[in-house]
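Remarks on the structure that follows.
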There are 2 protein chains.
Amino acid sequence: MSRIIDPYDVMPKYHQLAALLREKIDNGEWQPRSAIPSERQLESLYGISRTTIREAIDILVRQGYLYREHGRGTFVSPEKLQKAMLELTSFSEDLIRRGIRPGQIIRSLEWVVPNPKILQKLELPAGASVLRIERIRLGNDTPIGLQTSYLALREGQDITLEEMEANGSLYSILQEKLRIIPSEADETLEVTLATREEAFLLHIEEGAPLLLSERVLFAQDRRPVEFVKILYRGDRYRYTVRLTR
Amino acid sequence: MSRIIDPYDVMPKYHQLAALLREKIDNGEWQPRSAIPSERQLESLYGISRTTIREAIDILVRQGYLYREHGRGTFVSPEKLQKAMLELTSFSEDLIRRGIRPGQIIRSLEWVVPNPKILQKLELPAGASVLRIERIRLGNDTPIGLQTSYLALREGQDITLEEMEANGSLYSILQEKLRIIPSEADETLEVTLATREEAFLLHIEEGAPLLLSERVLFAQDRRPVEFVKILYRGDRYRYTVRLTR
DNA sequence: CTGGTCATGTGGTCACTACCAGTTAGATTA
DNA sequence: TAATCTAACTGGTAGTGACCACATGACCAG
């Protein structure tokens with residue numbers, strides 16, 4: 001018995017359908033490399049117009065669950081492609097996805113006037129102050145990264161240490177308290193060597209290789225919200241992306 | 001004078017329109033953060049249905065050129081967001097985009113039986129042979145990376161040294177000669193230290209930090225085509241991605 | 001001046017329809 | 001038998017028309 005599309009649901013139909021199809025893929029009802037019903041078949045199966053069907057399939061194609069072949073049909077992707085990893089995720093989500101238990105130690109949380117490079121990345125005028133949060137990130141209780149966030153918040157917006165400690169996830173505070181929805185980010189990765197302090201905090205030798213990630217996070221209206229710098233232990237972290245044409 | 005949509009063009013209208021709009025953004029006719037004409041206005045401006053208009057805008061939104069705000073309009077993204085970098089690009093394209101002149105030295109090109117890890121990534125049976133291409137990648141004539149590609153080609157498919165040297169781009173040979181269209185890739189990045197041989201080839205010290213990238217490339221039908229391993233000089237290369245929600 | 005209402009313009013969702021462009025398999029033809 | 005044609009599928013592109021959800025500013029009542 002297959003669930004059905006509810007026209008009175010708050011979620012749009014194409015979204016409901018996409019979820020429904022993804023379920024069939026996830027639970028193995030539709031095997032990798034096999035064809036799913038044609039768009040016209042789905043039309044009558046679910047009583048939904050082809051426009052909507054295609055919209056749902058589009059989503060799953062972009063996420064890597066399905067691929068189309070013109071004239072032949074739409075097929076289920078091999079399993080390993082079914083995880084859309086280029087998606088913008090928070091550090092914790094990222095680790096959980098890999099089966100590692102995330103943790104963190106908040107070293108500081110205060111308003112500061114950062115250096116010009118950071119102001120420029122956040123498109124702020126000289127002398128503007130931002131909220132700086134310094135954290136040590138843990139994976140299964142071992143330090144794996146040093147993270148420093150600089151947040152460009154508006155007048156009246158703030159985040160307290162209590163909130164950070166209670167909630168844990170900066171992204172969910174941004175979304176739920178401040179209504180800032182992360183929607184895009186630019187990230188660069190390079191190699192550096194650990195300074196004495198970094199080495200101490202990460203329990204490694206001074207001069208050990210680190211993976212340095214710098215990310216600028218943009219909100220719905222494409223304004224920069226956060227500049228994050230993360231130093232990962234070179235021996236404990238591997239970065240993964242999915243690229244699409 | 002604005003160009004117009006040609007219904008007899010081989011390219012679909014939404015593609016033509018997207019190109020046309022992108023041009024207006026690129027040449028500054030439409031300023032960042034300003035609203036572009038509404039979808040209904042574009043409809044009558046270009047004599048195209050709203051369906052098609054939206055399809056064109058969708059493309060530009062995905063590429064980061066535009067963003068929508070429900071109830072308000074569609075706006076031009078700030079300039080720095082206008083380059084979609086999460087896209088799958090070849091090494092050469094990538095460098096050219098940054099204003100660096102690419103070059104390469106082909107060290108070898110031969111059929112080999114690779115190790116099991118690589119066979120597994122390419123979903124090939126034990127003992128299968130693949131085409132291995134070893135190259136030194138140059139940026140402005142300086143070595144910046146060591147690249148080893150393993151290609152899973154079908155019976156009868158081959159690439160010769162002459163073709164590689166004449167054409168330079170592996171991706172364009174794949175596409176034009178073998179009709180293999182790269183459409184997705186999984187990439188991982190991590191840190192390693194240079195071995196003696198790597199150090200020699202890259203003109204650096206043994207033990208210097210390197211950025212190691214491993215990429216599996218998938219074709220239209222989501223079959224793995226290439227496994228590439230690239231070692232970048234840590235001091236000369238920075239990796240960039242654009243993440244989207 | 002303040003707060004609510006409402007008209008209007010925006011993007012978001014959806015249905016129905018039509019035709020084009022690849023693919024495939026079976027029927028037809030040489 | 002082998003090559004070919006053709007019909008019936010597949011997804012791809014495009015138009016039309018309708019209504020919903022959200023944003024905004026003009027207007028009005030308190």
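First the proteins, then the strands, lettered A, B, ... as listed; each starts at 1.
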Carboxylate-amine/guanidinium proximity below 4.0 Å for A:E43 and A:R54: no

Distance test, side-chain N/O of B:Q41 to OP1/OP2 of C:dT10, below 4.0 Å: yes

Any side-chain heavy-atom pair of A:I133 and A:L151 under 4.5 Å: yes

Spacing between B:I57 atom CD1 and C:dG11 atom C1', to the nearest angstrom: 9 Å

Integer-rounded Å distance: D:dT24 C1' and B:E69 CD: 13 Å

Euclidean distance, atom OH of residue A:Y67 to atom C1' of D:dT10 [Å, nearest integer]: 14 Å

Carboxylate-amine/guanidinium proximity below 4.0 Å for A:R222 and B:E69: no

Under-4.0 Å side-chain N/O to phosphate OP1/OP2 contact, A:R50 with C:dC16: no

Nearest-nucleotide comparison on DNA chain D, the residue closer to the 5′ end among A:T51 and A:H70: A:H70

Short side-chain N/O contact to D:dA14 OP1/OP2 from B:S49, under 4.0 Å: no

B:R132 bridged to B:E110 by N-O distance under 4.0 Å: yes

Between D:dA18 (P) and B:R40 (CZ): distance, integer Å: 12 Å

Under 4.0 angstrom between B:T52 side-chain N/O and D:dG15 OP1 or OP2: yes

Spacing between A:E39 atom CD and C:dA15 atom C1', to the nearest angstrom: 15 Å

Given DNA chain C, 5'-ward residue of the pair A:E55 and B:R72, judged by closest heavy atom: B:R72

Gap between atoms CG and P, on A:D221 and D:dA23 respectively (whole Å): 13 Å

Base C:dG22 to side chain A:R68, donor-acceptor N/O within 3.5 Å cut-off: no

Rounded interatomic separation in angstrom, taking CD1 from A:I59 and P from C:dG12: 13 Å

Side chains of B:L17 and B:T52 in contact at under 4.5 Å (non-hydrogen atoms): no

Atom-pair distance (CZ on A:R54; P on C:dG12), nearest Å: 19 Å

Distance test, side-chain N/O of A:Y14 to OP1/OP2 of C:dC14, below 4.0 Å: no

Closest-nucleotide 5' rank along DNA chain D - winner of B:E43 and A:P37: A:P37

